[in-house]
2 protein chains.
Amino acid sequence: MPSSQADRSSAASEVEGLALFAELSAVIIAASVDEPMVLVRPDVPVDTLPAGPLQSGHRTLEAGLRAWVEQQTNLHLGYVEQLYTFGDTDRIDMPGRGGRSLSIAYLALVRALRASARSGARWQNVYTYLPWEDWRDGRPAVLETIETYLKTWVKDSGDAGALREKRAALAFGLGTDSWSDELVLDRYELLYEAGFVREARRDGETTPLTAMTDYPMGLDHRRILATALGRLRGKIKYRPVIFELMPESFTLLDLQRTVEGLSGIRLHKQNFRRLVETQGLVEETGELQTETGGRPARLVRFRREVLLERPSPGLRLSSTKRPPN
Amino acid sequence: MPSSQADRSSAASEVEGLALFAELSAVIIAASVDEPMVLVRPDVPVDTLPAGPLQSGHRTLEAGLRAWVEQQTNLHLGYVEQLYTFGDTDRIDMPGRGGRSLSIAYLALVRALRASARSGARWQNVYTYLPWEDWRDGRPAVLETIETYLKTWVKDSGDAGALREKRAALAFGLGTDSWSDELVLDRYELLYEAGFVREARRDGETTPLTAMTDYPMGLDHRRILATALGRLRGKIKYRPVIFELMPESFTLLDLQRTVEGLSGIRLHKQNFRRLVETQGLVEETGELQTETGGRPARLVRFRREVLLERPSPGLRLSSTKRPPN
DNA sequence: ACCGCTAATACTCAAATTGAGTATATTCGG
DNA sequence: CCGAATATACTCAATTTGAGTATTAGCGGT
């Protein structure tokens, strides 16, 4: 389609000299029964996500990502989905490097925690980096600090104050007793804007979080992680992606704990099972898991057929206030 | 964070010579009351989406996109969201051009249909390019052809046949009488794989669609459009994005028709209003619209405050079988 | 002034889904 | 054989849906 390229080519030539650099980065999530884990490469002074530059040999972006991850961590990825492409000059570009960087981020889900020694990648609890997101044992303590901090931020902002206040109230459920598990990115963005997270500071200035054993991440990586967690929390509600994290067979409680870990909230046990069963998401293996401490649990497996039956068989979560499970 | 860059830099240098070219492209949607429209540039022999290369002057990707669109179409964008980054070598790269192309696609929603003459962009009905997606007047006729075509494709595929059959059945609701409005991309991908759409053919080979006044789009643009439509159809169900397309004041039926246009299905009128009202999405302006043909309709406006009240006030659509609205 | 057309708006009702429990069944370790 | 601990089953009221029917208000004629 040559003629359609006419004006584009000329426009392109204006920037033909622009050195463009595209990085493929991966948020790789796995789940021990109780904690969601992310694979990181411990660099000094910060942790970074597995990543590598797009190369001409990569037929597709996803293939390129898989290749890098396999090379860096010796891990073969199953489920992969594109997350977002980051490209703000002030947050992505490395100082000293000419040209322009793009970061194409992917979310990957894997079953086991076979972290590989090659390059020393290791699994870290997701909530290490986003400690305010875990409400399974009640309101996280950091939120006290955050709330105080945000209040100052709202006060110090004159006219914009009213809007900031509402945004903060909505994202963090201030005032109300409600918490939206999916607003991960909104919360991160607020904390970034407010200068609460370390990467929002140009200088080495400390922030309240620094004092609280903050685990910083390189470049935009905490933002990418927040994007991934928010997306995943949303997706488990209408697609059976959670099973990408489960072993071949598991108990319904294992499943519930995994979902709770990712969502950061507790669920109503009886209703959770009802949901899983009526949706036909699992089938019995016939075996029992006896190390439960009580009555043995049936082992089940994911019914892959549902993928070809209904279009959106997810797990609409019904949360519970008290945890009397 | 210099040390964290160590191995990355070396990897990068392997491809420092790779000429990377990033294009920002926009699916700009507007809505006349009855039809969803997309802004295209009529190139010969195909239509293309507004697009331009990422330049060093662009502080953010979104800013770059806005700049290109303003320059090419004289249109100022309001709501903009990133859609997807395409980069498969065989679908994106332009023959004859060395190096590698990325296409970072955005979805934009605008209120009016002020197409601009600059560069001759014009509004086209979205269903011109995806005619099988519009079920408002019953099952679209093209689906007969598609069904026949897909059956042959399934037959000609040996072992993979069973899977293909199920995929097709799920995406197009074959066998059942159900239709999932959000599976736009799945359907497009199937038609692409099956060689039904023109752009799937390397040579000038015709396809059944060619014969049926197909309006082809350049490069990957029909795929991008499908991505956009699917995303939008999903999003109106849990975010009040539809109001980005509505004028300042409108009637509830206007709103319903607009939603129907985008979703491609008919809705139950009474329940639609109930939903809009109980969600508190609109407020009365006090005025009436008298050119209705019957009882005058109240004019309402979007209650922007909801954005700061509830986290996901969308329009869960309840479809209807017959259109006795 | 009133009729009938048309569409807006109001109200109804059964079915399905949800939220929150209580009740019963099975193991295990003494 | 008891009690602790869990799994699994069943219940029930409150909402939320899906699908209608009923009523209201202008308009264009006569």
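Side-chain atoms are counted along with the backbone in the values below, which use heavy atoms only and exclude waters and symmetry mates. In what follows, every chain begins at residue 1, and chains take the letters A, B, ... in the order their sequences are listed.
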**OP:** Calculate the interatomic distance between B/N271 atom CG and C/dA16 atom P; express it in whole Å.
**Re:** 16 Å
Subject >> By ring-ring contact (aromatic ring centres under 6.0 Å, His included) - contacts of A/Y84 (at least two apart) >> reply: A/F86
**OP:** Identify, with sequence neighbours excluded, every residue that meets ring-ring contact (aromatic ring centres under 6.0 Å, His included) alongside A/F302.
**Re:** A/F243
Subject >> B/R274 side-chain N/O to D/dT17 phosphate OP1/OP2 under 4.0 Å >> reply: no
Original post:
Is it true that the NZ or CZ of B/R187 lies under 6.0 Å from the centre of B/W179's six-membered ring and within 45 degrees of the ring axis?
Top reply: yes
Original post:
To the nearest angstrom, how far is A/L315 atom CG from C/dT17 atom C1'?
Top reply: 16 Å
So which protein nitrogen or oxygen atoms get under 3.5 Å of nucleotides 22-26 of chain D's nitrogens or oxygens?
unit_1	atom_1	unit_2	atom_2	d
D/dT24	O2	B/R295	NH1	2.9
D/dA25	O4'	B/R295	NE	3.4

Subject >> Selection residues 272-295 of chain A - residue pairs positive for ring-ring contact (aromatic ring centres under 6.0 Å, His included), sequence neighbours left out >> reply: none
Original post:
Among C/dG21, D/dG18, C/dG19, which is the nearest nucleotide to the side chain of A/H268?
Top reply: C/dG21
Subject >> Nearest-angstrom distance from the residue atom CG of A/L299 to P of D/dA7 >> reply: 12 Å
Original post:
To the nearest 0.5 Å, how far apart are CZ in B/R301 and OG1 in B/T285?
Top reply: 6.0 Å
Subject >> Under 4.0 angstrom between B/S318 side-chain N/O and D/dT17 OP1 or OP2 >> reply: no
Subject >> d(CD, B/Q279; P, D/dT17) in whole Å >> reply: 9 Å
Original post:
Between D/dT6 atom C1' and A/R257 atom CZ, what is the distance in whole Å?
Top reply: 11 Å
Subject >> Proximity to the side chain of B/L253 - top-ranked nucleotide from D/dG18, C/dA8, D/dA7 >> reply: C/dA8
Subject >> Length of the CZ-C1' vector between A/R266 and C/dA20, whole Å >> reply: 18 Å
Original post:
When you check the phosphate oxygens OP1 and OP2 of D/dA7, does a side-chain N or O of A/R298 lie under 4.0 Å from one of them?
Top reply: no
Original post:
C/dT27 P sits how many Å from A/Q289 CD, rounded?
Top reply: 13 Å
Subject >> With B/T251 via side chain to side chain donor-acceptor pair (under 3.5 Å) - residues at least two apart >> reply: B/D254
Subject >> Which residues share a salt bridge (Lys or Arg N to Asp or Glu O under 4.0 Å) with B/R316, sequence neighbours left out >> reply: none
Original post:
When the distance from NZ of A/K269 to P of D/dT6 is rounded to whole Å, what number comes out?
Top reply: 8 Å
Subject >> N or O in side chain of B/R273 less than 4.0 angstrom from C/dT9 OP1/OP2 >> reply: yes
